[in-house]
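Right, one structure below, let's go through it.
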Amino acid sequence: MLILVQFCVNADIIECPAFILNDLKSYQNEFTEWLYDKTNDHAYWMYKDGEKYGCSYRSEAFVEWLNKFILDKHEEKAKVVEQSVDEDGLVCRAEYPKDITALIHTEIESFRKWLTNKNSEGICKEEEYKKKYGMRKYIGYASAEWINSFILNERNEKAYVIDKQMDYDEMKAMPKIFF
């Protein structure tokens with residue numbers, strides 16, 4: 001069963017056993033309670049001055065929770081099928097080795113500076129990428145270049161861009177949850 005997990009700007013698509021749909025809203029509530037319970041240690045906490053103060057997550061956190069607490073005794077597990085899908089079904093994002101995710105989150109301010117600093121001609125990378133790829137795709141391509149230049153520059157692995165169109169009607173027909 002495919003489920004659209006909607007966030008503020010875009011959505012992810014997860015796949016899970018059909019019976020999850022029967023109690024999807026209660027699972028979402030249980031997950032949210034678990035996620036923000038400061039007695040739980042998980043990879044989605046943000047820290048300020050060494051203290052937990054909020055969570056940064058996408059659908060992989062919900063999938064991890066489902067697999068650990070709801071599907072732990074089931075053979076079929078939940079998984080993320082697609083990430084960062086916009087309202088029209090467009091997917092354009094940087095894909096990179098998962099072991100650098102935490103590092104990327106800590107360096108996000110460096111990315112923003114790199115993207116918005118103007119060159120000698122008064123043009124910033126953000127403007128260049130918007131002109132070349134368009135408003136809806138530029139961030140995926142810019143992210144991949146920045147990750148390759150500053151995070152993966154000494155590794156054999158490289159970030160790349162996923163750029164595709166999902167089936168709009170199929171996507172709109174999926175059950176949805178909102179975070």
Side-chain angles (χ1 to χ4, degrees), residues 1-109 111-112 136-137 139-140 143-144 147 151 159-179:
M1 170 67 57
L2 295 177
I3 298 172
L4 191 72
V5 182
Q6 182 67 53
F7 294 93
C8 293
V9 176
N10 54 32
D12 295 345
I13 298 171
I14 66 171
E15 185 176 22
C16 59
F19 78 87
I20 295 293
L21 195 56
N22 298 335
D23 292 314
L24 185 59
K25 188 65 180 166
S26 71
Y27 291 141
Q28 179 185 9
N29 291 338
E30 288 177 46
F31 162 72
T32 304
E33 287 177 24
W34 170 84
L35 186 69
Y36 286 94
D37 180 346
K38 290 186 177 182
T39 64
N40 292 326
D41 290 320
H42 51 68
Y44 309 104
W45 284 113
M46 294 185 305
Y47 292 86
K48 188 172 191 172
D49 299 325
E51 300 288 324
K52 296 173 181 174
Y53 80 96
C55 294
S56 175
Y57 65 98
R58 294 289 299 189
S59 60
E60 69 273 359
F62 184 54
V63 164
E64 178 185 325
W65 180 86
L66 282 171
N67 288 337
K68 185 174 182 179
F69 296 106
I70 307 302
L71 300 171
D72 57 324
K73 294 187 177 21
H74 289 80
E75 195 171 306
E76 189 178 357
K77 302 294 183 192
K79 65 181 178 180
V80 178
V81 176
E82 194 55 74
Q83 296 175 303
S84 302
V85 182
D86 81 1
E87 63 187 20
D88 297 323
L90 177 70
V91 178
C92 188
R93 63 179 164 76
E95 185 71 17
Y96 47 82
K98 295 304 173 208
D99 67 314
I100 64 169
T101 301
L103 179 58
I104 289 171
H105 285 269
T106 62
E107 295 293 328
I108 199 70
E109 203 51 45
F111 171 68
R112 286 188 185 115
R136 294 170 57 199
K137 294 184 176 188
I139 202 72
S143 299
I147 290 166
I151 305 290
Y160 59 93
V161 176
I162 306 265
D163 184 349
K164 65 182 181 180
Q165 181 69 45
M166 301 288 295
D167 183 295
Y168 178 79
D169 293 330
E170 181 183 344
M171 190 180 86
K172 290 299 177 192
M174 291 177 195
K176 297 168 186 60
I177 57 173
F178 299 87
F179 283 103

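Excluded from the calculations below are hydrogen atoms, water molecules and symmetry mates; all remaining heavy atoms, backbone and side chain alike, are included. Just so you know, these numbers come straight off a predicted model, no measurement behind them.
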Let me confirm one number: the [atom1]-[atom2] distance from [X] to [Y], rounded to the nearest 0.5 Å.
| X | Y | atom1 | atom2 | answer |
| --- | --- | --- | --- | --- |
| Leu66 | Ser59 | CG | OG | 10.5 Å |
| Asp23 | Ile70 | CG | CD1 | 9.0 Å |
| Lys172 | Asp88 | NZ | CG | 7.0 Å |
| Ile104 | Lys98 | CD1 | NZ | 8.5 Å |
| Ile13 | Glu170 | CD1 | CD | 7.5 Å |
| Cys92 | Ile139 | SG | CD1 | 10.0 Å |

Candidate pair Leu71 and Phe19, rule side chain to side chain contact (heavy atoms under 4.5 Å, CB included), full reasoning: CA-CA 10 Å; Leu71 300 171; Phe19 78 87; 3.5 Å; yes
Sorted by first residue and then second, give each side chain to side chain donor-acceptor pair (under 3.5 Å) pair with at least one member in residues 63-80; sequence neighbours left out.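 Only Tyr44-Glu64 qualify under side chain to side chain donor-acceptor pair (under 3.5 Å).
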Got a sec: does the [atom1] of [X] have more than 12 other heavy atoms crowding it under 6.0 Å?
| X | atom1 | answer |
| --- | --- | --- |
| Lys48 | NZ | no |
| Glu87 | CD | no |
| Glu109 | CD | yes |

Show, in sequence, the C-alpha distance, side-chain angles and deciding distance for Met171 and Leu4, and conclude whether the side chain to side chain contact (heavy atoms under 4.5 Å, CB included) test is met. CA-CA 7 Å; Met171 190 180 86; Leu4 191 72; 3.9 Å; yes
Under 3.5 Å donor-acceptor, [X] side chain and [Y] backbone:
| X | Y | answer |
| --- | --- | --- |
| Asp37 | Thr39 | yes |
| Arg93 | Gln83 | yes |
| Lys176 | Met174 | yes |
| Trp45 | Asn40 | yes |

Ignoring hydrogens, what is the shortest heavy-atom contact between [X] and [Y]? Give both atom names and the distance.
| X | Y | value |
| --- | --- | --- |
| Ala144 | Ala94 | N-CB, 3.7 Å |
| Ser84 | Asp12 | N-OD1, 2.9 Å |
| Val63 | Ala78 | CG1-O, 3.4 Å |
| Tyr96 | Ile100 | CD1-CG1, 3.7 Å |
| Gly89 | Val85 | CA-CG1, 3.7 Å |

Using 30° and 60° as the class limits, which term best fits the ring planes of Tyr57 and Phe179: parallel, tilted or perpendicular?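 The rings of Tyr57 and Phe179 stand perpendicular, inter-plane angle above 60°.
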Among Val91, Asp86, Leu90, find the residue that satisfies the side chain to side chain contact (heavy atoms under 4.5 Å, CB included) test when tested with Lys137.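 Going through the options one by one, the only one that passes is Leu90.
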Residues forming a side chain to side chain donor-acceptor pair (under 3.5 Å) with Asp41, sequence neighbours excluded: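 Checked Asp41 against side chain to side chain donor-acceptor pair (under 3.5 Å); matches are Lys52.
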Could you work out, with side chain to side chain donor-acceptor pair (under 3.5 Å) as the rule, every residue matching Gln28, not counting sequence neighbours?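 Gln28 satisfies side chain to side chain donor-acceptor pair (under 3.5 Å) with Lys25 only.
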Residues Phe111, Ile151; criterion side chain to side chain contact (heavy atoms under 4.5 Å, CB included); working and verdict: CA-CA 10 Å; Phe111 171 68; Ile151 305 290; over 6 Å; no
How far apart are the C-alpha atoms of Asn10 and Arg136, what are their side-chain angles, what is the distance that settles it, and do they pass the side chain to side chain donor-acceptor pair (under 3.5 Å) test? CA-CA 11 Å; Asn10 54 32; Arg136 294 170 57 199; over 6 Å; no
Flag the pair Leu35 / Phe62 as yes when at least one side-chain heavy-atom distance between them is below 4.5 Å, and no otherwise.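 Not in contact.
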Check the pair Arg58, Val80 against side chain to side chain contact (heavy atoms under 4.5 Å, CB included), reporting the backbone distance first and the verdict last. CA-CA 10 Å; Arg58 294 289 299 189; Val80 178; over 6 Å; no
